[in-house]
Amino acid sequence: MLSVALVRSAGGAANYFAADNYYTRADADRSGQWLGKAAEKLGLSGSIDPKSFEALLRGDLPDGSSVGRPGQLHRAGVDLTFSLPKSWSLLALVGGDSRILDAYKAAVVETLQWAERNAAQARFERGGKERLVQTGNLAIALFQHDTNRNQEPNAHFHAVVANVTQLPDGSWRALRNDKLWSLNTLLNSMTMARFRERVVALGYEPGPTLKHGNFEALGVSREAVMAFSTRRQEVLAAAAKLDHRGLKVGITAALMSRAPKAGIEDREALTSEWQDLARGEGIDLASVMERANARASHNIGLVGSIGTRLGETREQVREWFSGLAERLRLAPSDPLLPPRPERGAREDSAAALAVASAVRHLSEREAAFARTDVLKSALDFGLPTTVDPIERQVDRLLARKVLLKGRGSASGMVTTLGALQMEQRIVGEVRAGRGSVAPVMAPDLAAERLQALSEANSGLTLNGGQEAAGRLILGSSNRIVAVQGIAGSGKSTLLRPLAELLREEGRKVVGLAVQNTLVQMLERDTGITSMTVARFLREHRALLGPGPDTGALGAARKEWRGSVILLDEASMVGNVDLDKLARLANRLEVQRFALVGDRKQLGAVDAGKPFDVLQKAGLQTAAMNLNTRARDETLRHAQYAAQSPSKYLYGHQPCLSNLVLPVTKPSQSG
């Protein structure tokens with residue numbers, strides 16, 4: 001697994017490396033090596049000189065200049081620690097197959113090169129504004145270690161990324177390391193995919209793909225792994241003594257239980273101890289290595305759990321591709337798949353399957369997602385491919401407009417053509433309903449009657465926002481409208497007299513919500529007969545097709561024409577369901593379909609945030625921004641200012657209207 005940690009402050013780092021010399025000690029008979037274009041520009045290459053290394057961590061460059069602002073503390077850098085899964089460490093260090101270490105190091109180096117191209121950034125000022133620039137160069141000191149603190153086999157690499165990078169104008173700046181932190185799991189998945197490719201070529205069988213692309217070696221048992229994992233057992237024992245759980249607990253337990261890392265005085269003796277322990281535990285690494293050599297010599301490659309021979313015909317590749325697509329539940333006609341997979345290399349075909357599966361998986365929960373999320377998800381399927389063909393496949397889909405890129409060169413967001421088309425259909429249904437119905441009553445009369453009912457039934461006077469929402473629902477000529485109301489704005493206080501007034505006018509009123517609990521609360525608080533969205537859609541699914549039965553449609557219209565449907569907590573409804581609801585509202589010719597909720601509160605579990613998108617696209621909306629629960633007037637005004645439409649802070653889920661949809665501003669009449 002890859003872990004990321006800050007190398008401490010300049011002075012502390014220098015003292016640490018000088019005293020303990022943890023990184024620069026020839027722990028594995030290696031003195032480390034420089035990597036990266038920034039190191040090359042600074043004249044740092046080959047093996048690492050401890051003094052030059054420590055100077056760079058202080059921000060002192062070889063030409064005598066320094067990085068950082070005078071009088072400010074300079075961060076030393078970031079330590080990316082790539083750790084080989086234990087079974088592979090056993091085969092390499094106890095079994096003696098050093099090719100495994102070479103394969104892992106090569107994978108780590110390739111990953112660091114990708115990180116340099118994609119995650120190296122710096123901040124600089126221009127025109128009084130701070131800007132971010134991609135620099136494409138890093139100075140990396142790479143060290144290989146073979147043991148943990150209990151001197152057990154634990155192959156890992158420390159990639160110490162110094163806090164320096166060069167801007168395009170030739171000046172040197174501190175590195176902005178945010179991306180290195182945020183992409184750490186992707187970097188691990190990338191490394192393991194490249195490592196898998198290499199050990200398969202050596203004849204080894206990878207085990208099932210685990211979290212973040214990790215996998216063990218088939219043939220090395222869990223018992224064997226645990227026999228050489230006393231350090232892990234110490235951490236687990238320390239964690240069990242703590243009262244809390246979670247990632248931070250694991251980090252705390254590791255720090256609490258760690259002993260100083262002792263030097264290895266006799267490496268050959270230590271290796272003999274490992275081999276004696278393996279024999280004593282009945283661990284047979286030799287047979288695993290012999291089988292790998294036999295596979296390699298017979299030119300047989302095992303790809304994941306699928307065995308294939310080299311020199312396959314196109315028909316064999318087509319059958320392999322179709323079988324794997326079926327296992328991944330991908331339809332042969334999926335636009336994300338290549339029409340002729342047998343014409344590409346196996347790794348390209350596998351990349352196409354991985355990317356299609358990743359996009360389908362991500363799009364179930366998000367309408368738009370980061371390109372790096374596609375890479376991560378695709379790699380974690382454990383298919384016989386690596387990040388390079390996966391990136392090429394993403395680029396192909398973007399070129400074909402099957403995937404769509406976000407606006408702006410800095411945007412790393414993508415979405416599917418299908419997701420965009422669904423949002424456009426929803427917006428289209430809203431537009432189709434504009435001016436299509438007569439108001440239930442004039443807005444002024446609606447306000448007057450609502451106030452009278454509210455005061456008579458509950459002794460409450462509706463505030464301006466509540467009254468505006470009532471005017472909209474009763475007085476608009478648009479079929480689909482929205483009420484944007486913050487928490488505590490008194491939506492239930494409005495809906496109860498509103499429903500009563502509609503019933504007095506002979507209108508059918510039905511409430512919808514995404515969960516049974518919310519349905520029950522809506523009925524209790526407002527007296528409106530309600531049901532779940534799923535039930536409503538299930539009852540009318542026959543009307544959603546392109547050519548519904550005219551008899552069934554006529555009967556449904558007779559029941560629903562002129563009725564009012566209120567969708568509560570509308571922000572929790574995703575694109576798929578709102579697409580169907582908006583279509584039904586128009587087909588059933590309802591009088592009003594009102595979306596009531598708060599786009600800043602709970603988001604949809606499913607992909608999309610259409611309640612937000614529709615408001616940005618011009619859906620006629622009434623705002624209820626006053627918290628009626630707040631007793632202090634100053635607090636009420638403060639919250640109102642914070643909730644101003646111009647200051648909304650939208651939720652985490654991307655909105656396609658910001659990516660590829662033009663935003664239509666509402667007219668004066670809404």
Side-chain angles (χ1 to χ4, degrees), residues 2 82-114 142 144 146 153 155-157 187-210 212-220 285-314 316-317 320-321 323-324 341-342 344-354 375 378-393:
L2 169 62
F82 296 82
S83 297
L84 193 59
K86 180 66 66 135
S87 60
W88 297 104
S89 284
L90 297 183
L91 288 167
L93 300 173
V94 183
D97 192 346
S98 60
R99 299 175 304 168
I100 292 172
L101 295 179
D102 294 338
Y104 190 61
K105 179 180 179 180
V108 168
V109 170
E110 288 180 17
T111 295
L112 291 171
Q113 291 168 342
W114 186 94
L142 184 67
Q144 179 177 328
D146 294 345
H156 59 283
F157 288 83
L187 298 179
N188 189 82
S189 296
M190 196 180 297
T191 304
M192 294 306 295
R194 285 170 163 143
F195 176 64
R196 184 198 302 110
E197 185 180 53
R198 286 177 167 81
V199 292
V200 163
L202 296 176
Y204 286 102
E205 296 179 82
T209 303
L210 307 173
H212 305 316
N214 291 318
F215 59 89
E216 298 287 356
L218 281 184
V220 181
L285 299 175
S287 63
V288 178
M289 296 164 62
E290 288 170 4
R291 288 196 298 272
N293 290 331
R295 285 188 196 90
S297 64
H298 286 86
N299 216 15
I300 296 176
L302 286 177
V303 185
S305 60
I306 305 165
T308 59
R309 291 184 179 276
L310 299 178
E312 294 172 309
T313 65
R314 284 188 175 183
Q316 288 173 319
V317 174
W320 166 82
F321 185 90
L324 191 51
E342 71 277 4
R346 175 177 284 275
E347 67 172 1
D348 290 328
S349 297
L353 289 166
L375 305 184
L379 288 167
D380 287 353
F381 282 102
L383 300 185
T385 190
T386 57
V387 72
D388 294 332
I390 285 174
E391 287 203 284
R392 289 196 297 269
Q393 177 62 12

> Got a sec, which residues hit side chain to side chain donor-acceptor pair (under 3.5 Å) with Ser87, two or more places apart in sequence or on another chain?
Replying inline: Glu216
> Below 4.5 Å, heavy atoms only, C-beta onward: do Trp320 and Arg346 meet side chain to side chain?
Replying inline: yes
>> For Phe157 and Phe82, I'd like to know if the aromatic rings sit close, meaning centre-to-centre distance below 6.0 Å.
In response: no
>> Just to verify, what does Glu110 make a salt bridge (charged side-chain N to carboxylate O under 4.0 Å, His left out) with, not counting sequence neighbours?
In response: Arg194, Arg198
> Just by distance, do the side chain of Trp88 and the backbone of Val199 share a donor-acceptor pair under 3.5 Å?
Replying inline: no
> Can you name the residues that form a side-chain contact (heavy atoms from CB on, under 4.5 Å) with Ser287, not counting sequence neighbours?
Replying inline: Asp284, Arg291
> salt bridge (charged side-chain N to carboxylate O under 4.0 Å, His left out) with Arg99: which residues, sequence neighbours excluded?
Replying inline: Asp97
>> Once side-chain contact (heavy atoms from CB on, under 4.5 Å) is applied, do any residues pair with Ala155, and if so which ones, sequence neighbours excluded?
In response: Leu84, Ser89, Leu93, Leu101
> Atom CD of Glu391 and atom CE of Met190: how far apart are they, to the nearest 0.5 Å?
Replying inline: 6.5 Å
> Could you give the distance from CG (Leu202) to CE (Met289), rounded to the nearest 0.5 Å?
Replying inline: 10.5 Å
>> A side-chain contact here means heavy atoms from C-beta on lying under 4.5 Å apart; do Leu218 and Tyr204 qualify?
In response: no
> By side-chain contact (heavy atoms from CB on, under 4.5 Å), which residues pair with Asn188, not counting sequence neighbours?
Replying inline: Met1, Leu2, Met192, His212, Asn214
> Given side chains that start at C-beta, do those of Phe195 and Thr386 come closer than 4.5 Å, heavy atoms only?
Replying inline: no
